[in-house]
**Q** 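Quick one: structure below, then a few questions.
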Amino acid sequence: MSPASEMQAVRSLFAPKWSSDVRLEGKTAIITGANTGIGKETAKDLASRGARVILACRDMAKGERAACDIMREVKGAKIVAKQLDLADTKSICQFAENIYNTEKALHYLINNAAVAICPHTTTVDGYELQFGVNHLGHFFLTFLLLDLLKHSAPSRVINVSSSAHAMGKIHFDDLSGEKDYHPVKAYAQSKLANILFTRELAKRTEVLGVMVYSVDPGMVNTEITRHIRHPLVDIMRTFGFLIKTPAEGAYTTIYCTVTPENQLLNGGYYKNCARAESCSAARDDGTALKLWAVSCHLLGIRWR
């Protein structure tokens, strides 16, 4: 066996091959952060299945470019880019209003966008950036789009988390990170919040025909690593054969989008195209409920 094929054999253990020929004609999906990485690959796959895909992007120039790329690669792709800044509740409101004005249905909301391991900064509304974008931004977006998801049922919400959630703890006494900010801890907290949100949302929307899943894409080579310090980047390069391509990283999101509902667990956590066990903190329903209440309070909203 040549070194290259040995490498490929090792990689295949970490990036299992999965495929499905499910078609999605007549379905509409919104994917946040879809101008690059996993989001863009997810968009490309769903478009190739016939879905209408809305790329929700902060940077419209990049969003338009991604839409053009996909249309070039996928014959007849139905793709449109729309502006969404998850760090600004006003932008989230405008995006949702635009969706209600232009879309008759929404079958898949894929909350994929994330910021990772960045210096302490805040959103437009004053929330710590990673918690604000990765959790609160998607929480608010889902809240605003829920009527359309209910109207389009059966529909799905897919929250992209990370195995980093296992290092996380929800610091209710310091969600702003002002007392003790650590970029990795803040990222882990936001990814733990994604799973807790998934669990609580699933309980509330199942009767409405809206199913919810959280996903760990694995270690993927994307732009999200841009704030990571050099020693870690070097380690990632050394073990590059273990790192998935964005297309491989998108597999589990796509799996949770197209797999028949009766084969998935509502509120479940998925990794490598299979159900996985999240850490014990992510299965704490008390914390999930408290996070829900705190999130509603911070955003000034009431879920019916």
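If you're wondering where the values come from, they're calculated on a predicted model, not measured in any experiment. Because only heavy atoms are used, hydrogens play no part in the values below, and waters and symmetry mates are left out as well, while side chains stay in. The chain is numbered in sequence order, starting from 1.
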**Q** Measure the shortest side-chain to side-chain distance between Ser280 and Arg283 over non-hydrogen atoms and say whether it is less than 4.5 angstrom.
**A**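 Counting from C-beta outward, Ser280 and Arg283 do come under 4.5 Å.
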**Q** Establish, from distance only, whether the side-chain atoms of Thr253 and Asn112 form a donor-acceptor pair under 3.5 Å.
**A**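 Checked: Thr253/Asn112 side chains show no N/O donor-acceptor pair below 3.5 Å.
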**Q** Step by step, would you call Asp173 with Lys179 a side chain to side chain contact (heavy atoms under 4.5 Å, CB included)?
**A** CA-CA 9 Å; Asp173 59 339; Lys179 293 182 199 164; 4.0 Å; yes
**Q** Indicate yes or no: at least one non-hydrogen side-chain atom of Ile30 is less than 4.5 angstrom from one of Leu84.
**A**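 Side chain of Ile30 against side chain of Leu84, heavy atoms only: no contact under 4.5 Å found.
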**Q** Quick one: are Pro217 and Val160 in side-chain contact, heavy atoms under 4.5 Å?
**A**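 SC-SC contact between Pro217 and Val160 confirmed.
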**Q** Is there a side-chain contact between Asn111 and Val157 (heavy atoms, below 4.5 Å)?
**A**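 They are in contact (side-chain heavy atoms under 4.5 Å apart), so the answer is yes.
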**Q** Between Phe131, Tyr127, Tyr181, which is the residue that forms a ring-ring contact (aromatic ring centres under 6.0 Å, His included) with His120?
**A**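 That would be Tyr181; it is the only one of Phe131, Tyr127, Tyr181 passing the ring-ring contact (aromatic ring centres under 6.0 Å, His included) with His120.
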**Q** Report yes or no: do Asn134 and Ser190 form a side-chain donor-acceptor pair below 3.5 Å?
**A**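 The answer is yes; a qualifying pair exists.
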**Q** Evaluate the side chain to side chain contact (heavy atoms under 4.5 Å, CB included) criterion for residues Leu201 and Trp303: first the C-alpha distance (whole Å), next the side-chain angles of each, then the deciding distance (0.1 Å), finally the verdict.
**A** CA-CA 10 Å; Leu201 181 64; Trp303 287 72; 3.7 Å; yes
**Q** Is a side-chain N or O of Asn35 found less than 3.5 angstrom from the main chain of Cys57, in a donor-acceptor match?
**A**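 Not a single qualifying donor-acceptor pair exists.
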**Q** Is there a donor-acceptor contact under 3.5 Å from the side chain of Asn266 to the main chain of Val212?
**A**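 Yes; at least one donor-acceptor contact below 3.5 Å.
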**Q** Same cluster for Leu106 and Phe139 if Ile/Leu/Val/Met/Phe/Trp/Tyr side chains link at under 4.5 Å?
**A**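 In one cluster with Leu106: Phe139, yes.
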**Q** Is there a path of hydrophobic side-chain contacts, each under 4.5 Å between heavy atoms, that joins Val80 and Leu145?
**A**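 Yes, same cluster.
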**Q** When you compare the side chain of Leu291 with that of His135, does any pair of heavy atoms fall below 4.5 Å?
**A**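 SC-SC contact between His135 and Leu291 confirmed.
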**Q** Between His138 and Thr32, do the side chains contain a donor N or O and an acceptor N or O under 3.5 Å apart?
**A**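 Yes.
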**Q** Over 60° means perpendicular and under 30° means parallel, so tell me whether Tyr255 and Tyr270 are parallel, tilted or perpendicular.
**A**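 It falls in the tilted class, 30° to 60°.
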**Q** So Ile54 and Ile31, side chain to side chain contact (heavy atoms under 4.5 Å, CB included) or not? Walk me through it.
**A** CA-CA 6 Å; Ile54 297 160; Ile31 306 173; over 6 Å; no
**Q** Looking only at non-hydrogen atoms, find the nearest pair between Leu144 and Cys93 and report the distance.
**A**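 Looking at all heavy atoms of both residues, the closest pair is CD1-CA, 3.9 Å.
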**Q** Got a donor-acceptor contact below 3.5 angstrom from the Arg23 side chain to the Ser48 backbone?
**A**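 Here the side-chain-to-backbone pair exists.
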**Q** Backbone N or O of Asp216 within a donor-acceptor pair of the Ser161 side chain at under 3.5 Å?
**A**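 No, Ser161 side chain to Asp216 backbone: no donor-acceptor pair under 3.5 Å.
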**Q** Applying a strict under-4.5 Å side-chain criterion to I, L, V, M, F, W and Y, I'd like to know whether Tyr269 and Ile170 cluster together.
**A**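 Result: no, two separate clusters.
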**Q** Just wondering, do Thr102 and Lys82 contact through their side chains at under 4.5 Å, heavy atoms?
**A**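 Yes, side chains in contact.
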**Q** Cluster question for you: counting only ILVMFWY and a side-chain heavy-atom cut-off of under 4.5 Å, with indirect links fine, are Ile195 and Met219 together?
**A**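 Cluster IDs for Ile195 and Met219 differ.
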**Q** Would you mind reporting whether Gln189 and Gln130 have side-chain heavy atoms less than 4.5 Å apart?
**A**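 Side-chain contact under 4.5 Å: no.
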**Q** For the residue pair Thr287 / Asp284, report whether a side-chain donor-acceptor contact shorter than 3.5 Å exists.
**A**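 Their side chains do contain a donor-acceptor pair, which is all the 3.5 Å distance test asks for.
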**Q** Does Phe95 share a hydrophobic cluster with Met60, counting links as ILVMFWY side-chain heavy atoms below 4.5 Å and allowing steps through other members?
**A**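 In one cluster: no.
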**Q** Tell me if the CZ atom of Arg275 is crowded by more than 12 foreign heavy atoms within 6.0 Å.
**A**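 Counting other residues, nucleotides and ligands, CZ of Arg275 stays at 12 neighbours or fewer.
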**Q** Taking 4.0 angstrom as the limit, do Arg49 and Asp45 come out as a salt bridge?
**A**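 So Arg49 pairs with Asp45 through a salt bridge.
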**Q** Can you confirm whether Phe197 sits close enough to Ser295 that some side-chain heavy atom of one is under 4.5 Å from a side-chain heavy atom of the other?
**A**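 Not touching, per the 4.5 Å side-chain cut-off.
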